[in-house]
Amino acid sequence: MSIVKILQKSTIESLSALYNQSFTDTDFQINQTKPEFEGDYTVVMFSLVKSLKLSPDAIGNQLGEHLTKNYPQFFTAYNIIKGFLNLTVADAYWQDLLQKNYNDICYGKKALNGKKVMVEYASPNTNKPLHLGHLRNIFLGWSVAEILKANGYEVVKSCIVNDRGIHICKSMIAWQMFGNGATPESTGVKGDHLVGEYYVKFNDVYKQQVEELISEGDDKATAEKEAPIMKATQQMLLDWEDGKPEVMELWKTMNGWVYAGFDVTYNSIGADFDKTYYESNTYLLGKDIVQQGMDKKVFYQKPDSSIWIDLTADGLDEKIVQRSDGTSVYITQDIGLALQKYEQYKIDQSIYVIGNEQNYHMKVLQLICQKLGMPNADNIYHLSYGMVELTSGKMKSREGTVVDADDIVEEMITTSQQHTEELGKVKDFTAEELTALYNTIGLGAMKFYLLRVDPKKTMVFNPAESIDFHGFTGPFVQYTYARIKSILRKQAEVMTTDNGQQTMDNDLLKAEKEVIVVAEQYGTIIEQAAQEHNPSVIANYVFNLAKTFNSFYSELSVANAETEVKKQLRLKISLLTANILKSGMQLLGIKVPERM
RNA sequence: GGUCUGGUAGCUCAGCUGGAUAGAGCAUCAGCCUUCUAAGCUGAGGGUCAUUGGUUCGAAUCCAAUCCAGAUCACCA
């Protein structure tokens with residue numbers, strides 16, 4: 001149990017004993033004591049003043065007295081300032097915590113809870129390479145999956161690949177017209193980039209043709225519809241739907257190139273999936289659900305035989321679920337897939353990592369699932385994240401203002417190499433070790449940069465800032481870890497692995513205690529991150545812990561501690577910190593180096 | 001126009017289930033490497049928490065209105 005929960009519980013017990021009535025944890029608040037005051041945690045009980053008809057100071061005195069008297073193993077002193085009750089937690093408590101956990105690499109994590117969650121993330125299109133926005137998505141999805149695992153959930157990571165439709169045909173048609181048989185092998189271009197080039201080519205040609213038609217007197221709408229390349233693309237989509245062999249062949253070949261390219265990217269950034277769904281397999285799903293919805297009178301048919309659901313009573317609009325020609329639409333596929341996921345994996349919760357431009361869509365999806373009475377429809381969760389903007393404005397793939405995922409990852413790794421070489425601390429590393437280190441630091445910087453911000457907020461990607469390795473960054477945390485490991489290597493022989501009392505020290509110094517206090521919060525932080533589906537909670541915490549440790553490090557010496565007892569104590573503080581930093585960074589998908 | 005987000009230091013962001021003098025990082029300035037890795041530490045300056053009103057012992061935080069920015073409201077996906 002965390003110290004905050006202990007304090008909560010003992011406060012409730014004390015209040016009940018003192019005032020002979022029952023209390024709950026909403027009757028008061030517990031905060032960390034501000035640094036300018038004496039104490040570790042503060043009880044705020046202004047809300048009790050009215051019902052108890054006592055002054056805050058009076059309640060504080062009685063409560064403080066009662067707590068220190070009845071729970072001396074936890075609380076040793078108190079003071080009251082302006083009605084706030086500041087309590088000092090016993091040094092023995094902190095030391096006991098340290099003794100029990102300093103060597104536990106699972107510290108803060110929870111046992112399996114028997115619940116299963118699916119996290120769907122990445123969701124790429126097969127007509128262009130991954131960009132910065134995908135990276136935010138992928139890092140978020142991966143991290144949330146890890147955070148849920150740390151909270152005892154079984155997690156299935158899934159990916160839905162958008163591999164069909166008019167936009168896919170665009171790159172296909174452009175390749176057919178202008179490709180001259182180019183392949184990744186013949187050009188040396190990564191498969192997804194090669195296909196992306198033809199997607200851009202399509203848009204160039206299309207734009208040109210539209211302009212020509214307009215100059216010949218067509219209005220814009222007609223021109224956009226009549227442009228030859230667009231008509232060819234539409235024909236190709238029809239051919240694809242008919243299963244025309246040469247179109248299928250081309251489709252499979254080009255998608256194959258893209259998948260090979262994606263695999264390289266996933267591999268380099270450390271993303272993986274337990275299950276991949278392809279939209280070409282799922283786009284016909286949901287048909288029988290439409291029928292069920294009709295039977296249940298959740299859906300209704302219009303005279304042109306298209307099928308709809310009326311969500312106006314829920315503050316939304318009417319939504320089509322089946323076209324008049326009987327084909328299904330996007331949302332229908334999603335309903336079908338949602339059900340399939342549940343049936344295949346018996347999941348308790350389904351998390352979708354999807355950009356916030358689909359908030360409306362996801363709201364509608366969940367609402368329809370609920371109205372259809374689908375199991376666990378209430379446990380559909382849209383992890384909505386904001387767009388990544390550039391300092392120069394928004395990214396637009398058609399205008400070529402996107403930051404390519406492979407490019408930015410490579411740039412970060414190169415930058416980490418430059419920094420490392422300038423510092424010259426690892427000259428004895430082998431070539432393989434160096435490569436691994438540059439990857440660890442470069443990717444660490446990148447992931448930390450994208451994950452340290454609240455997912456739901458639109459964020460600005462500032463290139464100069466993203467490659468900064470100082471301050472609130474991944475490398476800062478990695479560096480702190482490496483520095484601790486350096487101490488531990490040097491002191492390995494003298495560090496005792498006792499669990500006994502000989503390292504007990506009844507007078508913790510401020511800098512020592514501060515590290516333990518922050519370390520103690522790790523379990524609570526992991527819970528909070530899972531509840532909010534928010535990796536930035538972890539990023540902020542890990543930074544805070546590293547910073548607290550760095551102050552400790554610069555103020556006190558471990559190797560040359562005043563006494564042997566102090567030395568052992570500080571070694572344990574260091575090891576505990578290192579374990580938590582490693583564990584927390586792992587929840588963000590970031591590795592930590594033993595040296596850097 | 002309806003709905004949903006967001007607006008906190010020059011910049012990027014925490015804090016938002018109401019609590020003490022609103023915090024970090026970057027940038028700027030001033031210090032600290034003959035002692036465990038200076039990718040570090042210590043300090044300084046920098047704020048009308050978009051605006052106005054309300055709720056109350058107390059509001060960056062809750063409520064309302066207004067302003068600004070973004071997203072969305074397809075027989076596209």
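Naming: A, B, ... by sequence-line order, numbering from 1 per chain. Everything numeric here is computed off the predicted structure, so don't read it as measured data.
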Name the pairing partner of [N], where a pair is Watson-Crick or G-U wobble with both distances under 3.5 Å, or state none.
N      : value
B:rC29 : B:rG43
B:rC4  : B:rG70
B:rC76 : none
B:rC62 : B:rG54
B:rC16 : none

Closest to side chain of [X], choosing from [options]:
X      : options                : value
A:E357 : B:rA39, B:rU37, B:rA71 : B:rA71
A:R483 : B:rU37, B:rA39, B:rG19 : B:rU37
A:S554 : B:rA20, B:rA77, B:rC41 : B:rC41

[X] near the nucleic acid: base, sugar-phosphate alone, or nothing, with a heavy-atom cut-off under 4.0 Å?
X      : result
A:F476 : sugar-phosphate
A:V558 : base
A:F543 : sugar-phosphate
A:L488 : nothing
A:K425 : base
A:S551 : sugar-phosphate
A:N534 : nothing
A:R452 : sugar-phosphate
A:I484 : nothing
A:E279 : sugar-phosphate
A:D454 : sugar-phosphate
A:V460 : sugar-phosphate
A:M596 : base
A:Y479 : base

Atom [atom1] of [X] and atom [atom2] of [N]: how far apart are they, to the nearest Å?
X      : N      : atom1 : atom2 : value
A:Y385 : B:rA71 : OH    : C1'   : 13 Å
A:Q29  : B:rA20 : CD    : C1'   : 12 Å
A:Y360 : B:rC76 : OH    : P     : 16 Å
A:F549 : B:rC41 : CZ    : P     : 12 Å
A:E36  : B:rA20 : CD    : P     : 10 Å
A:D468 : B:rG40 : CG    : C1'   : 14 Å
A:E555 : B:rG43 : CD    : P     : 10 Å
A:E318 : B:rG2  : CD    : P     : 20 Å

Given [N], is OP1 or OP2 found less than 4.0 Å from the side-chain N or O atoms of [X]?
X      : N      : answer
A:T42  : B:rA20 : no
A:K485 : B:rC36 : no
A:K82  : B:rU21 : yes
A:R323 : B:rA77 : yes
A:S486 : B:rU37 : yes
A:K34  : B:rA20 : yes
A:H167 : B:rC76 : no
A:N356 : B:rA71 : no
A:K457 : B:rG7  : yes
A:K50  : B:rC57 : yes

Query raised in the report: Are A:K82 and A:D57 within salt-bridge range, i.e. N to O under 4.0 Å?
Result: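 No, no charged N to carboxylate O under 4.0 Å.
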
Report task. Please state whether the rings of A:Y381 and A:H533 are parallel, tilted or perpendicular, taking 30° and 60° as the class boundaries. Result ->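 Answer is parallel, since the angle falls under 30°.
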
Requested in this report: On the 0 to 90° scale, with breaks at 30° and 60°, tag the A:H419-A:F469 ring pair as parallel, tilted or perpendicular.
Outcome: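 Plane angle between 30° and 60°, so tilted.
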
In whole angstrom, give me the gap between the [atom1] atoms of [N] and [M].
N      : M      : atom1 : answer
B:rU48 : B:rA22 : P     : 13 Å
B:rC68 : B:rU28 : P     : 36 Å
B:rG47 : B:rG7  : C1'   : 15 Å
B:rA38 : B:rC11 : P     : 33 Å
B:rG1  : B:rG15 : P     : 32 Å
B:rG43 : B:rC36 : C1'   : 24 Å
B:rG18 : B:rA9  : C1'   : 24 Å
B:rG31 : B:rG70 : P     : 45 Å

Query raised in the report: Has the side chain of A:N86 got a donor or acceptor that lies under 3.5 Å from a partner of the other kind on the base of B:rA20?
Result: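 Pair found.
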
Query raised in the report: Is B:rC33 syn or is it anti, if syn means the base angle is within 90 degrees of 0?
Result: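 Syn, which is what one calls it when the glycosidic angle falls within 90° of 0.
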
Establish, yes or no, whether the cationic atom of [X] lies under 6.0 Å from the six-membered ring centre of [Y] and within 45° of the ring axis.
X      : Y      : answer
A:R164 : A:Y283 : yes
A:K341 : A:Y352 : yes
A:R483 : A:Y553 : yes

Query raised in the report: Which is it for A:F472 and A:F448 under the ring pair (Phe, Tyr, Trp, His ring centres under 6.0 Å) test, yes or no, and what are the steps along the way?
Result: CA-CA 9 Å; A:F472 187 22; A:F448 200 93; 5.4 Å; yes

**Report entry** Residue whose closest nucleotide on RNA chain B lies nearer the 5' end, A:Q32 versus A:I320
**Finding:**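 The residue whose closest nucleotide sits nearer the 5' end is A:Q32.
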
Report task. Find which nucleotide of RNA chain B each of A:G315 and A:G165 is nearest to by heavy atoms, and output the residue with the more 5' nucleotide. Result ->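 The answer here is A:G315.
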
Query raised in the report: Using the benzene-type ring in the case of Trp, are the ring centres of A:H361 and A:Y330 under 6.0 Å apart?
Result: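 Between A:Y330 and A:H361, which both carry aromatic rings, the centre distance is below 6.0 Å.
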
Query raised in the report: Do A:F476 and A:Y479 have ring centres separated by under 6.0 Å?
Result: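 Between A:Y479 and A:F476, which both carry aromatic rings, the centre distance is not below 6.0 Å.
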
Requested in this report: Write down the atom of A:F202, the atom of A:K170, and the distance for their closest heavy-atom approach.
Outcome: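 For A:F202 and A:K170, the tightest heavy-atom pair comes out as CE2-CD, 3.4 Å.
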
**Report entry** Stacking of A:Y553 on B:rG40 base (centres under 5.5 Å, planes under 30°)
**Finding:**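 No, the aromatic ring of A:Y553 does not stack with the base.
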
